[in-house]
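Have a look at the structure below, then the notes.
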Amino acid sequence: VAMGKVRFTPYGDRFAVIHNDDTIRIRHTASGAPATKPLKHDAVIGELRFNETGSLLASQDTIGIRIWNAHTGELITGPLKHKGFTGLVDEPFLNKYNTLLVWDYIYTGSSTGMKLTRGVTRLWSTSIRAKLDTLLDEGSYGGIEFTPDNNFLIAIKSIENNDEDVKREYDLQLWDVSTQAKRNSVTYTNSLSLL
């Protein structure tokens with residue numbers, strides 16, 4: 001069985017590896033021995049991420065996202081289904097709300113190439129069978145950051161403009177995580193692609 005992407009826990013004591021039989025294997029780093037049973041998917045696996053303690057593992061396939069107990073190998077919830085392309089961010093887990101952050105994009109063809117027709121950022125609860133689903137405005141986001149207490153999400157949305165003589169504009173948004181509502185937004189010119 002061929003192996004693919006590998007991710008280590010933050011402490012390096014275990015690692016997860018994607019296999020081409022649609023499974024993930026978690027192993028002890030020191031010995032290479034299995035730490036859990038194989039984590040079985042029903043589709044090709046593209047990405048995986050541990051939370052900051054190494055107790056949870058999020059895995060993404062062509063159907064959606066699954067969240068696993070990384071110590072026992074038990075499925076906590078999922079698949080959390082998406083439309084279009086699904087992606088995991090570099091640090092997808094939020095501590096306070098035990099929430100997972102993912103992207104969900106749909107592109108369609110146009111006369112000038114592929115165009116983003118729907119872009120969504122979702123916040124999913126990692127609790128068993130529970131779901132918190134916050135949908136940001138449709139569009140393309142270049143930067144997403146949470147406040148240290150994880151109460152608010154700050155997001156930078158690119159405002160589309162086909163006029164090359166006009167400076168690019170960006171919408172800096174503030175979202176309340178608990179109420180899933182946008183509290184405020186301010187439009188800026190020049191690049192705000194990073195936070």
Side-chain angles (χ1 to χ4, degrees), residues 1 3-105 119-136 141 144-153 155 175-180:
V1 176
M3 295 185 298
K5 189 167 292 184
V6 175
R7 296 282 183 196
F8 284 86
T9 62
Y11 301 107
D13 58 326
R14 287 164 294 132
F15 64 92
V17 60
I18 297 172
H19 289 255
N20 68 356
D21 62 353
D22 300 336
T23 64
I24 296 169
R25 313 288 173 94
I26 300 177
R27 297 183 177 275
H28 296 286
T29 303
S31 65
T36 68
K37 63 185 179 184
L39 311 182
K40 181 65 179 158
H41 283 245
D42 299 319
V44 175
I45 305 164
E47 190 56 84
L48 63 167
R49 294 278 194 278
F50 283 101
N51 69 343
E52 69 167 9
T53 63
S55 61
L56 297 175
L57 177 71
S59 57
Q60 169 259 324
D61 63 26
T62 54
I63 296 172
I65 303 285
R66 287 172 170 82
I67 301 171
W68 307 87
N69 181 319
H71 292 294
T72 67
E74 297 300 316
L75 179 65
I76 295 174
T77 189
L80 306 173
K81 295 185 179 179
H82 295 70
K83 297 178 180 177
F85 170 79
T86 303
L88 288 170
V89 297
D90 288 338
E91 295 180 6
F93 285 97
L94 308 179
N95 301 330
K96 182 171 182 180
Y97 290 100
N98 209 24
T99 299
L100 183 77
L101 175 65
V102 298
W103 289 327
D104 182 343
Y105 289 153
V120 171
T121 299
R122 298 178 187 271
L123 303 178
W124 299 92
S125 172
T126 58
S127 301
I128 294 175
R129 302 300 169 200
K131 178 180 140 182
L132 169 67
D133 190 353
T134 297
L135 305 180
L136 273 65
Y141 286 83
I144 296 174
E145 188 68 52
F146 287 85
T147 55
D149 58 11
N150 287 330
N151 286 331
F152 295 97
L153 169 67
W175 291 80
D176 187 312
V177 171
S178 61
T179 64
Q180 305 182 37

Of all the heavy-atom pairs spanning [X] and [Y], show the shortest one and how long it is.
{"X": "Thr36", "Y": "Thr72", "answer": "CG2-C, 3.8 Å"}
{"X": "Leu48", "Y": "Ile18", "answer": "CD2-CD1, 3.2 Å"}
{"X": "Ser59", "Y": "Ile24", "answer": "CB-CD1, 3.4 Å"}
{"X": "Arg66", "Y": "Lys40", "answer": "NE-O, 4.3 Å"}
{"X": "Ala16", "Y": "Ile26", "answer": "CB-CG1, 4.1 Å"}
{"X": "Thr29", "Y": "Gly12", "answer": "OG1-O, 2.8 Å"}

Has Arg14 got a side-chain atom pairing as donor or acceptor with Ala70's backbone, closer than 3.5 angstrom? yes

I'd like to check Gln60 versus Arg49 (side-chain heavy atoms, cut-off strictly below 4.5 Å). Are they in contact?
no

Contacts of Phe8 meeting ring-ring contact (aromatic ring centres under 6.0 Å, His included) (sequence neighbours excluded), chain-then-number -> Phe15

OG1 (Thr23) and CG (Leu39) are apart, to the nearest 0.5 Å, by 8.0 Å

Taken to the nearest 0.5 Å, the spacing of Leu56 CG from Thr77 OG1 works out to 11.5 Å

For residues 26-76, the ring pair (Phe, Tyr, Trp, His ring centres under 6.0 Å) pairs (sequence neighbours left out) are His41-Trp68

